[in-house]
Amino acid sequence: LSNNHLSYIPLGACSQLEVLQIQHNQLSNLPISLKAKCINLLELNASHNQISTVPDLQLPKLKLLDLGNNQIALFPMSIISLLALERLYM
């Protein structure tokens, strides 16, 4: 889904999804439903968008989170609860 000028991500049934590449789009936020629908997500790359706020992610298996090159001023405290997280790019 990267490099498609998307302004939103329609999330359907994605419980088996492990990698979500949505970088280089026009997203202003991450879907709130991400934590409920993508419970097996290991990698999320949402870099190079226009994201200004980050929802409470609660993705227990997430190892890589790339939110670099966005407009995020404040990260939620819940980011410290991502115990499996190995790489964080801001």
Side-chain angles (χ1 to χ4, degrees):
L1 295 174
S2 59
N3 296 300
N4 281 300
H5 305 286
L6 300 173
S7 59
Y8 74 98
I9 301 297
L11 288 177
C14 63
S15 63
Q16 300 304 313
L17 188 67
E18 293 182 349
V19 176
L20 182 57
Q21 301 283 342
I22 52 175
Q23 69 271 22
H24 293 280
N25 281 295
Q26 298 174 351
L27 302 172
S28 59
N29 56 47
L30 293 173
I32 294 172
S33 61
L34 191 66
K35 67 181 178 182
K37 294 188 176 185
C38 300
I39 57 173
N40 288 309
L41 203 59
L42 300 174
E43 298 182 11
L44 172 59
N45 186 343
S47 64
H48 300 276
N49 279 288
Q50 300 164 3
I51 298 170
S52 58
T53 59
V54 179
D56 182 11
L57 292 174
Q58 294 183 9
L59 297 167
K61 297 181 181 182
L62 194 66
K63 293 183 177 191
L64 179 139
L65 177 59
D66 190 346
L67 296 171
N69 293 294
N70 279 290
Q71 301 168 357
I72 302 167
L74 184 64
F75 279 85
M77 288 301 294
S78 63
I79 205 150
I80 62 173
S81 69
L82 298 174
L83 300 179
L85 196 63
E86 297 173 357
R87 293 179 285 167
L88 173 64
Y89 301 99
M90 300 186 289

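These numbers come from the heavy atoms of this one structure, side chains and all, not from hydrogens, waters or symmetry mates.
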Legend entry - Hphob cluster co-occupancy, L82 + L74, side-chain heavy atoms under 4.5 angstrom: no

Legend entry - Smallest separation among heavy atoms of S47 and N45, with atom names: OG-OD1, 2.8 Å

Inset, instruction - State, yes or no, whether a side-chain contact exists between I79 and L88 at a heavy-atom distance under 4.5 Å. - result: yes

Legend entry - Side-chain donor-acceptor contact under 3.5 Å, D56 with S78: yes

Legend entry - Minimal non-hydrogen separation, N70 against I51, with atom names: OD1-N, 3.1 Å

Legend entry - More than 12 heavy atoms from other groups under 6.0 Å of NZ on K63: no

Inset, instruction - Identify whether L42 and V54 are in the same connected component of the hydrophobic contact network (ILVMFWY, side-chain heavy atoms under 4.5 Å). - result: no

Inset, instruction - Report yes or no: does N40 contribute a side-chain atom to a donor-acceptor pair with the main-chain N or O of E18 at less than 3.5 Å? - result: no

Inset, instruction - Nearest 0.5 Å please: distance from the CD atom of E43 over to the CD atom of E86. - result: 9.5 Å

Inset, instruction - Look up atom CG in D66 and atom CZ in R87, then write down how far apart they are to the nearest 0.5 Å. - result: 9.5 Å

Inset, instruction - Write down the atom of P55, the atom of P76, and the distance for their closest heavy-atom approach. - result: O-CG, 3.7 Å

Legend entry - Heavy atoms from other residues, nucleotides or ligands near OH of Y8 exceed 12 (cutoff 6.0 Å): no

Inset, instruction - For the residue pair Q26 and Q50, establish whether any side-chain heavy-atom pair is separated by less than 4.5 Å. - result: yes

Legend entry - Main-chain N/O of L27 paired to N49 side chain as donor or acceptor, under 3.5 Å: yes

Inset, instruction - Give the cluster check for I22 versus I72: same hydrophobic cluster or not, with ILVMFWY residues linked at side-chain heavy-atom distances below 4.5 Å. - result: yes

Inset, instruction - Kindly work out whether a path of hydrophobic side-chain contacts (I/L/V/M/F/W/Y, heavy atoms less than 4.5 Å apart) joins L83 to L59. - result: no

Legend entry - Within-4.5 Å side-chain heavy-atom neighbours: M90 and L67: no

Inset, instruction - Work out which heavy atom in N3 is nearest to a heavy atom in H24; give both atom names and the distance. - result: OD1-CB, 3.0 Å

Inset, instruction - Check whether any side-chain heavy atom of L65 lies under 4.5 Å from a side-chain heavy atom of L57, and answer yes or no. - result: yes

Legend entry - Shortest non-hydrogen contact from A84 toward P60: CB-O, 3.4 Å

Legend entry - Sub-4.5 Å side-chain heavy-atom contact between Y89 and L64: yes

Inset, instruction - Tell me yes or no: between the side chains of Q23 and Q21, is some donor less than 3.5 Å from an acceptor? - result: yes

Legend entry - Shortest non-hydrogen separation from L44 to L30 and the atoms involved: CD2-CD1, 4.4 Å

Inset, instruction - To the nearest 0.5 Å, tell me how far I9 CD1 sits from L20 CG. - result: 6.5 Å

Inset, instruction - State yes or no: do L62 and F75 share one hydrophobic cluster built from I, L, V, M, F, W and Y residues joined by side-chain heavy-atom distances below 4.5 Å, directly or via other members? - result: yes

